[in-house]
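Since we're looking at a predicted model, the values are computed, not measured.
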Amino acid sequence: MSFTLRSVKVPPNSASLEEARSRVFDFFRKACRSIPTIMDIYNLDDVVTKSELRSSISSEIRKNSHVTNPKVIDLLLFKGMEELNNIVEHAKQRHHIIGQYVLGRQGLAQDLDTKDEGTSDFLKNFYKSNYF
């Protein structure tokens, strides 16, 4: 099996916060332009819409909006570019994409209620005791 590793070119460091900010916007545009390709590669049309993926990307970027050091921003951009490259190059599987970007932090748990409805009195008393 032949494997070609594409070299990920490391861009020069941003000189200022404004330059780093413009690079973030360029990355966001690039990521949004690749959404139709990602939807086709991973067959996500039945799970999520393009606008939901776009909002997921923007929320991932906004998580780091408090960062003001241009070097840290460049590092985060490099990680983001690497992640986008892995997704577009089909280095991830469909369930990875769904778990990370469609379901997000909530995961598969839809019901957060307590699960005591079907337990017996014996188990309820056991859970309340010192043994648990």
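Atom CG of residue Asp46 and atom CE of residue Met39 lie 9.0 Å apart, to the nearest 0.5 angstrom. Put simply, NE2 on His95 and CD on Gln100 are 9.5 Å apart, with the number rounded to the nearest 0.5 Å. For the atom pair CG of Asp74 and NZ of Lys79, the computed distance is 13.0 Å after rounding to the nearest 0.5 Å. One finds the NZ atom of Lys92 at 10.5 Å from the CD1 atom of Ile38 (value rounded to the nearest 0.5 Å). With rounding to the nearest 0.5 Å, the separation of CD in Glu82 from CG in Asn85 is 8.0 Å. In this structure, NZ on Lys50 lies 9.0 Å from CD1 on Ile35, to the nearest 0.5 angstrom.
Between Ile73 and Ser14, the closest side-chain pair of non-hydrogen atoms is not below 4.5 Å. Using a 4.5 Å heavy-atom threshold, the side chains of Leu44 and Leu53 count as touching. Annotation: side chain of Val47 is not in contact with side chain of Ile97 (no heavy-atom distance under 4.5 Å).
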Q.
Walk me through whether Arg29 and Asp26 qualify under salt bridge (charged side-chain N to carboxylate O under 4.0 Å, His left out).
A. CA-CA 5 Å; Arg29 279 188 219 102; Asp26 291 341; 2.6 Å; yes
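The two atoms that bring Cys32 and Pro36 nearest to each other are O-CD, 3.9 Å, heavy atoms only.
At least one donor-acceptor pair closer than 3.5 Å links the side chain of Tyr42 to the backbone N or O of Ile87. For the pair Glu19 (side chain) and Ala15 (backbone), a donor-acceptor distance under 3.5 Å is present. The backbone N or O of Glu60 lies less than 3.5 Å from no partner atom in the side chain of Tyr101, so there is not a single donor-acceptor pair. In this structure, Arg94 contributes its side chain and Asn43 its backbone to a donor-acceptor pair below 3.5 Å. Judged by distance alone, with hydrogens and angles left aside, the side-chain atoms of Ser34 form no donor-acceptor pair with the main-chain N or O of Thr37 at under 3.5 Å.
Transitive grouping of hydrophobic side chains (ILVMFWY, heavy atoms separated by less than 4.5 Å) brings Phe28 and Leu17 into a common cluster. The cluster map of Ile, Leu, Val, Met, Phe, Trp and Tyr, joined by side-chain heavy atoms under 4.5 Å apart, puts Val72 and Phe27 in the same cluster.
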